[in-house]
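So the structure is just underneath, and the comments pick up after that.
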2 protein chains.
Amino acid sequence: MVLLGRYVIRLSKLTDYAVVMLSYMAAREGEVYTTARLAQRSAVPEPTAAKILKSLARGSILVSQRGSNGGYELARPAAEITVAEIIVALDGPIALAACVEGSSDHCGVEQLCSMRGNWNRVNRAIRDALEDITLADMAVPFVAPAVVETRPEQGLR
Amino acid sequence: MVLLGRYVIRLSKLTDYAVVMLSYMAAREGEVYTTARLAQRSAVPEPTAAKILKSLARGSILVSQRGSNGGYELARPAAEITVAEIIVALDGPIALAACVEGSSDHCGVEQLCSMRGNWNRVNRAIRDALEDITLADMAVPFVAPAVVETRPEQGLR
DNA sequence: TCTAAAGAGGACTGATTTGGTCCTATTGGG
DNA sequence: CCCAATAGGACCAAATCAGTCCTCTTTAGA
Ligand code: FES
Ligand code: FES
C-alpha cells in the first residue's frame, strides 16, 4: 500500500501565528524585535512565540541577535519572503503524500506506482501557488481597511 | 488571537487511498465495484476501504447501489472529477486557517483582521490548483510506464 | 569582569486528530 | 425470505501537535 511518510500538508496554528508576527515585523523593516514584544503584540503566549521565532530563524526567515539588546529581524524584505518558506520553516516540506520525489520509501504495489508522478504534479501546483504569495502580500497595513463582513468573495486581487 | 477553527489543509492517507481506489475504478467506467473487490485491489484493509467509499459516495463522487449485486460506480467520467472534490469529500473544506470566508468565528484582535482576505487569497490559489487536476490525470494506465527512479524532477507535464 | 537580557536547543506533556475497527440498520435481488 | 451489499455511527489506539519549561550560550554595558 502506498506507505505514506512524513509528508502531508499541514499548515496550522503555528504557521498562522507566524504570519501574524511576521506581518507585524514587516511594518517597519530593519527594526529588531524581542520575543516578548512580538508575543505581546500578536497575543500569542510567550513560550509558544519563542518556539515559532526560533523555527523561523532556523529557516533563515529571521536573523537573530543574541545577548542583551538582541532580538529578531526580517532576514530579507517582506516582498522576498514567500508563504511557502514560512510553511516550510514551521511544518516541513510541502507535500501531500508519499510517492514524492526524493522519498526513498517505495510502496509494495508496483502497479500503482504510476500514480507517483501525478502526485508530484499536485505538489508542484500547490507549491507554486504558495511561492507566489509573499509576506508583503499578507502584511497589509495594520490600520484595518474596513474588512467587508458579509461574504467577502469579492476581488481582493 | 487568530482562533483557528476546523480548517486546515490536511490531505492524508485516506485521501491517498481514495485516489488509488478511484484510479482503479476509472480504468473501466460504468462498471460496478464492491467494497471487497476494491479493498483487495488497492491493498487497503476492507473496513477502512468501506469507510472511504462511503465518504466518497456522500460526496457525490461515487454512486452506490445497495442490495445484492450492489457496489459503487463513478458518478461521473474521471475527467470531471477533480482532486479538490476528493479531498473535500474526505477531509472537509480546503482551507488553511480560520479567517476564512464563511467562518463566523471572529478573532479578538481586530487589528489583525486585515490579514483575513489574504489568507483567502492563499486558499483560493490552492483550491484552484487542486481543481485543475482531475482523476483522469491521476489515473494513468496501470501498466506502470517505467517510473524513473533517480530524482524524477523532470517534466512529467 | 560581572551581570542581566536576550536567544538556542531540546525534553516533556496534555490535548487533538487520525486511522482503523466494529456493530447495527437498511436496501434490494433472486 | 434470505443473503449480499451499503449506510451510518460509535468507538478505540496511535500518532501528531501545541504549548511549556529547563538549561546553556551569547553579548551589551555598568
Ligand atoms: S511509491 Fe507510491 S505508489 Fe509506489
Ligand atoms: S477573524 Fe482572523 S484575524 Fe480576525
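Distances shorter than 4.0 Å separate none of the side-chain N or O atoms of Y33(A) from OP1 or OP2 on dG7(C). Applying the 4.0 Å criterion to OP1 and OP2 of dA7(D), one finds that S64(B) has a side-chain N or O inside that range. The side chain of T34(B) places no N or O atom within less than 4.0 Å of a non-bridging phosphate oxygen (OP1 or OP2) of dA5(D).
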Decide yes or no on side-chain contact (heavy atoms from CB on, under 4.5 Å) for V44(A) and L38(A), but give the supporting numbers first.
CA-CA 8 Å; V44(A) 176; L38(A) 288 167; over 6 Å; no
Stepwise salt bridge (charged side-chain N to carboxylate O under 4.0 Å, His left out) check, E85(B) with R76(B)
CA-CA 12 Å; E85(B) 288 178 276; R76(B) 276 159 292 151; 2.9 Å; yes
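In this structure, L90(B) places its CG atom 15 Å from C1' of dT17(C), rounding to the nearest Å. Nucleotide dT18(C) holds its C1' atom 10 Å from the CG atom of D91(B), rounded to whole Å. At whole-Å resolution of the value, CZ in R37(B) and C1' in dT6(D) are 17 Å apart. Per the geometry, OH belonging to Y72(A) stands 12 Å off P belonging to dA6(C), to the nearest Å. A straight line from CG of D16(A) to C1' of dG19(D) spans 16 Å, rounded to a whole angstrom. For the pair I52(A) CD1 and dG9(C) C1', the interatomic distance rounds to 16 Å; values are reported in whole Å.
The backbone N or O of R37(B) lies less than 3.5 Å from no partner atom in the side chain of Q40(B), so there is not a single donor-acceptor pair.
Counting heavy atoms from C-beta on, the side chains of L130(B) and T82(B) never come closer than 4.5 Å.
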Protein within reach of the bases, or only the backbone? For nucleotides 20-30 of chain C, mark each nucleotide 5' to 3' as B, S or -, using heavy atoms under 4.0 Å.
BB----BBBBS
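Closest approach of A18(B) to L56(B), counting heavy atoms only: CB-CD1, 4.2 Å.
For T134(A), the side-chain hydrogen bond (donor to acceptor under 3.5 Å, both in side chains) partners two or more places apart in sequence, or in a different chain, are D137(A).
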